[in-house]
2 protein chains.
Amino acid sequence: MFRPTGFAEKRTLSVNFSLIVKNAATKVKKAAMKKTFIFFFILSRLKKTKFFSLNFNHSFLEDYMRSTAWNDEENKVLPEMALDFMPEEKLRDLQLQRMRATVKLAYEKVPLFRERMDEKGLKPEDIKSLKDVAKLPFTMKKDLRDTYPYGLFAVDLSEVVRLHASSGTTGKPIVVGYTKEDMDVWAQVVKRGLLACGFRSTDIVQNFYGYGLFTGGLGIHGGFEALGATVIPISGGNTERQVMLMKDFGVTAVGGTPSYFVRIIDVAEKMGVDIRDLKVKRGIFGAEPWSDGMRDYIEEKTGIKAYDIYGLSEIVGPGVGCECECRDGIHIFEDHFYPEIVDPETLEPLPDGEEGELVLSTLSKKAMPIIRYRTRDITAIEKTKCKCGRTIRRIRRIGRRSDDMIIMRGVNVFPSQIETALLRAEKALPHYQIVLDTKNNMDTLEVKVEVSRDMVSDSMSDMEQLNKKFKHSIEQILGISVIVTLCEPDSLPRSEGKAKRVIDNRKKM
Amino acid sequence: MFRPTGFAEKRTLSVNFSLIVKNAATKVKKAAMKKTFIFFFILSRLKKTKFFSLNFNHSFLEDYMRSTAWNDEENKVLPEMALDFMPEEKLRDLQLQRMRATVKLAYEKVPLFRERMDEKGLKPEDIKSLKDVAKLPFTMKKDLRDTYPYGLFAVDLSEVVRLHASSGTTGKPIVVGYTKEDMDVWAQVVKRGLLACGFRSTDIVQNFYGYGLFTGGLGIHGGFEALGATVIPISGGNTERQVMLMKDFGVTAVGGTPSYFVRIIDVAEKMGVDIRDLKVKRGIFGAEPWSDGMRDYIEEKTGIKAYDIYGLSEIVGPGVGCECECRDGIHIFEDHFYPEIVDPETLEPLPDGEEGELVLSTLSKKAMPIIRYRTRDITAIEKTKCKCGRTIRRIRRIGRRSDDMIIMRGVNVFPSQIETALLRAEKALPHYQIVLDTKNNMDTLEVKVEVSRDMVSDSMSDMEQLNKKFKHSIEQILGISVIVTLCEPDSLPRSEGKAKRVIDNRKKM
């Protein structure tokens, strides 16, 4: 088996117990002594297990889970979550070691990375602190296309147990590969995300992410399986059946794209099923940006709690980060993924708290180590600690991707801004589409908004009123004039995966 | 954890080495001594490991795999295959013990089964030999519908880690559940099937079975994963992309429904890709009956070896049985599934060699033990030993399901007979559809046959000739008159999963 040198950090940690106690203290409300005891117990075991090696084995944590004493609803700090609460100093140490090992692996095995390092006159040994990471070359989506299919793989194909690919309908897709260990890490990070959002092994989960080459479906599936939940791998499509099974199977939790869940809500209403009456209590949503307004809409309509999971195929798929029950930003699983924020123009690193482009490096991936990947997602790393007590840092929820940005008469417009404006104006069905066009040599932005059945009125002036309300709300946020067109209920195309929000018919100059 | 009593058979086997040597001797061609040594070695280890317990752990076999000495192409008898070659007497012992445990579990936990046993005045203890199995009540598809969704489950839902369901578009689907152990058994039987057909961990496999609630996609996926192959979970659809990735990714093996693979062949031709030039060497096909003519067609067009895998969701999904490299019938994994053949009218058991309806019982399933399930598949258990030396018995490949049977003017017609007739008349594209209708109060059977581009001719008489050829070939096999209609290339609907071959527009009396 291939095992890169440098990956086995053998030293046993001297755990800083005082920090742990402090951490624990902030979280403990009920059963304080119990939790503190648990923390000491976990940490003392972690010490023995040398868990800071990269080939690190989560099985010692699973041993704890078997003792059902840990696994109760009252005790929010389950042993599997321990890694989310690692003392910060130790976390940085771990990140540095893993970053060095990853850079060494990529330098030795990936020609493109070696060339770029050589161009800069850099050697893996030059990475002496996390600050030095800023010296490393970036990886772009184009690099994945240019090396199609296996050019960025750092192991022999016989070590690769899974391939996934982007859905790119034109041209060659982006290909990603995983070793058996990479698959285990992937399942574990998704599981940690699910646990942080309150999912438990007793849940009956309906996974309507699309299964296939897309990392969403099988990625979340792996996390649900690792959690030990009852998994219904329903995939996308056949929406009436989704509603029927949600009801008949006593589903307690769901996962998928938020836009498809909105469609399920819609169809359930038509079928006379009120999701509030069902057993569904929580949902994990991702694979596309979704606004807080969309969250409010989903929660009001269904009575569930909706959580955001973040990820991208180039890094691992879903599970790079996830909200916790505080829902105050997305925790990045920093022991496996290293986040930075850079200025999208100058590419200079920005300090925590400042908004810019998220850049991610993998810290444990073997099949395909990715260094400083430019995600195009615009966000900031939060400076403050989360109330949950996790030491792994948070990013702000992604509302904007530089890829999605529409430049309209010199103004930057993001679809999520329009979504927010619509939901602010009226608790409309969040079915909308943005059509860009050129009329009389002038670029136009039209927002088609589908009205719900309750809103439909025979009175022309009512409908005009509604139109004005939407138009005003959008123009206030964007600062440019837009055309609003109201559409019949069910007239806009529905998505069974990621929603397609923007149609660009503009004349290219 | 729930562990039914009676499931742990503790006695260590006294292995009959002479039988093993005899078995081994028939297979050994090259490297005879090596294989014999391996056999003794495996069997001596099996003895120590008490592998005849139901909660039995395959990990000892996996230990062998880690020693790469076993895992070479020349050595066809890999350790994981050992269970396929179990001494027959021991296999029957194991089956009896597991059958008794399964009956006990179902009697204690499944009300419907208990009622039926009570009606017959039967107790689990009455099953004293495998002959007594014939006394047990049957299970029908209707029973699964009537107990929707969880009525046949023998464990608490918290033990169930996976649900699958039939695609039934009308009404309630059939639901099946799996514990963690059931999932492991499922992956292991599929893996044994793949190994028997020559698949290896070094394969790069494209799985175009549909992923989702259908057991085909995720079932085969689990076997590929257990094998350690590089899995491309592409699912169905987007056929041009299937061809592109098959080529670009250096795919060595494929899995899916045969009808969809025929479509892939078709699209590849249009794209100018000759699959014979690619690295694909073998394919595993199932989920619908397919004729030997279809196999010949696939193999001639692609140069691959095509193998048949058998299964049904009610029992486990794909992996109930599989061909071996001899391709002389489907080996049933008899240590987990117990096959019987009954007369479909009288329901009396038939001896090996005689044709009737296949009835299957699960021998190790915990979430949903199924006893004497009437599969509707018409086949026979072969009396002779397979040349491969496997002791697990074979059934004839399924050509006919009593469900698929069309009764046309008193004659029984099976779609597979028409497929055979078409492929015998002409190496046509096997795209056809059977339309039943009533005209002038007379039932008609029309076979729509799509002609390939090479066959299309401007000469009317050529086309008439072709029509006659098909008509004659079909009528010779069926013994009734049929209407043949030739269709344009690409005019018949294509399936991305199981093909829909029969459209019945007949007037019901």
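Chain naming here is simple, since letters A, B, ... match the order of the sequence lines and numbering starts at 1 in each.
Highest contact tally toward chain A, considering only B:Leu245, B:Ile234, B:Leu213, is held by B:Leu213 [criterion: heavy-atom pairs under 4.5 Å].
A:Thr230 places no side-chain N or O within 3.5 Å of a backbone atom of B:Ser158 that could act as its donor or acceptor partner.
For B:Tyr178, the side chain to side chain contact (heavy atoms under 4.5 Å, CB included) partners two or more places apart in sequence, or in a different chain, are B:Arg162, B:His164, B:Val176, B:Asp182, B:Met183, B:Trp186, B:Thr215, B:Val316, B:Lys365.
If you measure heavy-atom distances from A:Val175 to chain B, the contacts under 4.5 Å come from the side chain alone. With a threshold of 4.5 angstrom between heavy atoms, B:Tyr150 approaches chain A through side-chain atoms but not through N, CA, C or O. Within the 4.5 angstrom heavy-atom criterion, only side-chain atoms of B:Ile204, from C-beta onward, approach chain A. Residue contact with chain B, scored on non-hydrogen atoms closer than 4.5 Å, involves the side chain of A:Leu218 exclusively. Proximity to chain B is absent for every atom of A:Phe224, based on heavy atoms less than 4.5 angstrom apart. In this structure, chain A has no heavy atom under 4.5 Å from any part of B:Glu240.
When all heavy atoms of B:Pro233 and A:Leu163 are compared, the pair lying nearest together is CD-O, 3.1 Å. Closest of all the heavy-atom pairs between A:Asp248 and B:Pro149 is O-CG, 3.5 Å. For the pair B:Ser235 and A:Gly212, the tightest heavy-atom approach, listed with the atom from each and the gap, is CB-CA, 4.4 Å.
B:Leu157 contributes atom CG, which lies 11.0 Å from atom CG of A:Asp203 (distance to the nearest 0.5 angstrom). How far CZ of A:Phe249 is from OH of B:Tyr148: 5.0 Å, rounded to the nearest 0.5 Å.
More than 12 heavy atoms of other residues, nucleotides or ligands sit less than 6.0 Å from atom NZ of A:Lys281. Taking a 6.0 Å sphere around NZ of A:Lys270, one finds it holds more than 12 heavy atoms contributed by other residues, nucleotides or ligands.
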